[in-house]
Trainee: 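The structure that follows is given in the form of structure tokens.
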Amino acid sequence: MSRNSDVFEPIAPPADVLCWLEENWGIASHELVDGYVFYRRRGREDTWIGPPIDANPLPSAVHTLGTMITRERPPGGYPASGFLRRFGHLATRRRLELEGERAARFLAGTTQRLDEVADWSKGYVVVMIDGICAGRGLVREGELLCEVPKNLRLR
Amino acid sequence: MSGPKKYSLKIHAEHERALERARRGLARYQTIVDDLDALVAASVRPLPRAVWINPLVTQPQRYAEALLAHCPEAQPLEGLEHAWRLPAKTPIGRWPEFLLGALHAQEEATIWPADLLGAQPGERVLDLCAAPGNKTVRIAAAMSNRGLLVANEKSWARLSALRFNLERLGIVNTVVTVGDGCEIDEAWGPFDRALVDAPCSCEGTGRKRSGLIRETSTHERSSMTSLQVGLLRRALSLTKPGGSVVYATCTYAPEENEGVLSRIAQEDAKVLPLDIPPHVRAVPGVLEFEGTRYREDVVNAARIWAHHNDTGGFFVAKLRRL
């Protein structure tokens, strides 16, 4: 039996989430709207992006649907890692390209001081490595912190 | 006796025991395999690993070069684009390219059966027994992350591996559902294609466990078979007429393969001839085993014995829903 909070419902493209992605990271909303549908779990504040499903209400027993964009309503929260894996490469702002030693340190979860973020305000950034979005970083006082899930870090 | 010699004798004794176990588990296939000794010997050899580059990433050549730098012994897999065979136990999970989702490791024998499904971008596809998701991500990548892929898994414990693979490779077109595949909600259908990679006695995956092939009791085999038939019938009933269903297992047992296909009514589905890549050595399904005769079109299915391609064992059939 599903709890209410596990019931996914399709929603219209959420303007607050799309503006937040575009304003903060320059992720163009037309890239997200094309071919995908947005969902929210009943009684929750999260937003998901996934495939179109022609059934209303959605069939039962859904565990996850596409990938979560964010767990909270903007301006709170942060872009989820799974979302950035697929769409992070579209970011044009607060985006860092790392390679070599710096990329290895980030993937290992090590906090590092980077000259190029010295004057960036505190907040989440999209980290690209070898042309792929590695996930989310947090810039704070000239340092880059890794927020990639632990099971995707170098050990 | 000197240390190294004593050690090598111990390894030899362990190898002999593994061979004996594999022989006991596989002896029942004496009548349907060309060379039982070769099968037994192959079943205790460590399994080479296979990797492919995620087609959803740009610049595949860049990751191919990185892969060859990590593992110069990598051999390209014939007939597949951007796929390689690597020595057993290559630590792929520690490579940055794996963590970034540019590479995926999958048992070689199971790569082309997933491709046989022929899923296309924009279609509705069902993967009825999805975890840990190796075939799921292969199918989603073939669909270019478009359309709808419903990946069902009964076991909550196995869902994390499925989610890990989907997120790592950046898959978005997939809905993960949890429940008994035999009772999956019909509102998900109708599908263009479905994959039933059924739970089985796993005799073909013994190479991952140093040749350990568990003997399966008659009772266990019969309940396994009922489940497999239930899953295949459900997948067929949710597939559009004219659509395809791929049935696969990693066991050699005809009861769980040709026997399951034979319990599908002739008017419901037809077993189609397979387009087997020229470099893959596969043999046709068997028409009879231990006195049981199977439907005629099971010869269109493919059996992959471990010693033929130096892979795991596998069985695959493609059915057209009538």
Side-chain angles (χ1 to χ4, degrees), chain A residues 1-2 6 8 32 34-39 48-69 80-89 98-100 103-109 127-135 148-155, chain B residues 54 56-60 62-63 65-66 91 93-102 121-125 130 140 143-154 156 159-164 166-180 183-190:
Chain A
M1 200 166 68
S2 313
D6 291 335
F8 283 81
L32 309 185
D34 178 28
Y36 296 112
V37 173
F38 298 88
Y39 299 88
W48 296 66
I49 184 167
I53 301 167
D54 337 317
N56 197 9
L58 255 50
S60 57
V62 174
H63 179 254
T64 50
L65 201 165
T67 194
M68 188 195 280
I69 302 178
S81 299
F83 169 75
L84 290 180
R85 265 298 151 96
R86 166 68 184 85
F87 296 104
H89 67 282
L98 300 182
E99 51 186 41
R105 274 200 294 272
F106 180 79
L107 274 181
V127 178
M128 300 289 298
I129 295 176
D130 286 344
I132 293 179
C133 181
V148 171
K150 290 202 172 64
N151 58 1
L152 286 174
R153 293 185 191 177
L154 273 178
R155 283 183 291 266
Chain B
N54 180 1
L56 301 175
V57 299
T58 50
Q59 308 172 303
R62 180 174 181 168
Y63 307 109
E65 284 164 16
R94 292 192 190 156
W95 297 351
E97 294 75 18
F98 175 85
L99 297 169
L100 289 169
E123 287 186 335
R124 295 171 71 91
V125 180
M143 296 169 77
S144 302
N145 233 344
R146 297 288 172 173
L148 169 66
L149 172 58
V150 177
N152 183 71
E153 174 55 45
K154 184 178 181 177
W156 282 89
L159 283 175
S160 59
L162 175 61
R163 287 295 310 161
F164 171 75
L166 291 170
E167 289 216 349
R168 189 174 52 82
L169 273 76
I171 306 294
V172 183
N173 70 338
T174 303
V175 177
V176 174
T177 62
V178 196
D180 182 352
E183 291 170 10
I184 186 169
D185 196 332
E186 64 184 339
W188 286 114

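Letters A, B, ... mirror the listed sequences (proteins, then strands); counts begin at 1. When reading the values below, keep in mind they use all heavy atoms of this one structure, side chains included, and skip hydrogens, waters and symmetry mates.
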Trainee: Nearest 0.5 Å please: distance from the CG atom of Leu100(B) over to the CG atom of Leu107(A).
Mentor: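 It is 5.5 Å, given to the nearest 0.5 Å.
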
Trainee: Would you mind checking which part of Ala134(A) comes under 4.5 Å of any heavy atom in chain B, side chain (CB onward), backbone (N, CA, C, O), both or neither?
Mentor: both

Trainee: By a 4.5 Å heavy-atom criterion (distance strictly below it), what part of Phe83(A) contacts chain B: side chain, backbone, both, or neither?
Mentor: neither

Trainee: Of all the heavy-atom pairs spanning Leu99(B) and Asn151(A), show the shortest one and how long it is.
Mentor: CD2-O, 4.1 Å

Trainee: When you look at Ile171(B) and Arg86(A), which way does the side chain to side chain contact (heavy atoms under 4.5 Å, CB included) test go after all the steps?
Mentor: CA-CA 7 Å; Ile171(B) 306 294; Arg86(A) 166 68 184 85; over 6 Å; no

Trainee: Would you mind checking which part of Asp34(A) comes under 4.5 Å of any heavy atom in chain B, side chain (CB onward), backbone (N, CA, C, O), both or neither?
Mentor: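 Looking at Asp34(A), backbone and side chain both touch chain B.
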
Trainee: Go through Arg168(B), Glu186(B), Arg94(B), Glu97(B) and name the one with the most non-hydrogen pairs under 4.5 angstrom from chain A.
Mentor: Arg168(B)

Trainee: Got a sec, which residues hit salt bridge (charged side-chain N to carboxylate O under 4.0 Å, His left out) with Glu167(B), two or more places apart in sequence or on another chain?
Mentor: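 Glu167(B) satisfies salt bridge (charged side-chain N to carboxylate O under 4.0 Å, His left out) with Arg163(B) once adjacent residues are dropped.
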
Trainee: Considering all heavy atoms of both residues, which atom of Asp130(A) and which atom of Gln59(B) are nearest to each other, and what is their separation?
Mentor: O-OE1, 4.4 Å

Trainee: Restricting to non-hydrogen atoms, name the atom on Ala187(B) and the atom on Ala55(A) that form the minimum distance, rounded to 0.1 Å.
Mentor: O-CB, 4.2 Å

Trainee: Evaluate the side-chain proximity of Leu154(A) to Pro96(B): yes if any heavy-atom separation is below 4.5 Å, no if none is.
Mentor: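 Pro96(B) reaches Leu154(A) side chain to side chain.
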
Trainee: Quick one, His89(A) with Thr58(B), criterion side chain to side chain contact (heavy atoms under 4.5 Å, CB included). Give me CA distance, side-chain angles, the key distance, then yes/no.
Mentor: CA-CA 11 Å; His89(A) 67 282; Thr58(B) 50; over 6 Å; no

Trainee: What part of Leu65(A) lies closer than 4.5 angstrom to a heavy atom of chain B: side chain, backbone, both or neither?
Mentor: both

Trainee: Quick one: which of Ile184(B), Thr177(B), Asp185(B) gives a side-chain contact (heavy atoms from CB on, under 4.5 Å) with Ser60(A)?
Mentor: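 Testing each of Ile184(B), Thr177(B), Asp185(B) against Ser60(A), the sole residue satisfying side-chain contact (heavy atoms from CB on, under 4.5 Å) is Asp185(B).
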
Trainee: Quick one: closest heavy-atom pair of Val172(B) and Phe87(A), and the distance?
Mentor: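 In this case the closest contact between Val172(B) and Phe87(A) is CG2-CE1, 4.1 Å.
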
Trainee: Below 4.5 Å, heavy-atom pairs only: which of Pro59(A), Gly82(A), Gly50(A), Gly35(A) has the largest tally toward chain B?
Mentor: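 Answer, by heavy-atom pair count under 4.5 Å with chain B: Pro59(A).
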
Trainee: Looking at residues at least two apart in the chain, or sitting in another chain, which of them share a side-chain contact (heavy atoms from CB on, under 4.5 Å) with Val178(B)?
Mentor: His63(A), Trp156(B), Leu159(B)

Trainee: Counting heavy-atom pairs under 4.5 Å with chain B, which one of Thr67(A), Ile132(A), Thr64(A) comes out on top?
Mentor: Thr64(A)

Trainee: Side chain from CB out, backbone as N, CA, C, O: work out which of these in Asn152(B) comes under 4.5 Å of a heavy atom of chain A, or both, or neither.
Mentor: neither

Trainee: To the closest 0.5 Å, what do you measure between CZ (Phe98(B)) and CG (Leu152(A))?
Mentor: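 Going from CZ on Phe98(B) over to CG on Leu152(A), the span is 8.5 Å.
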
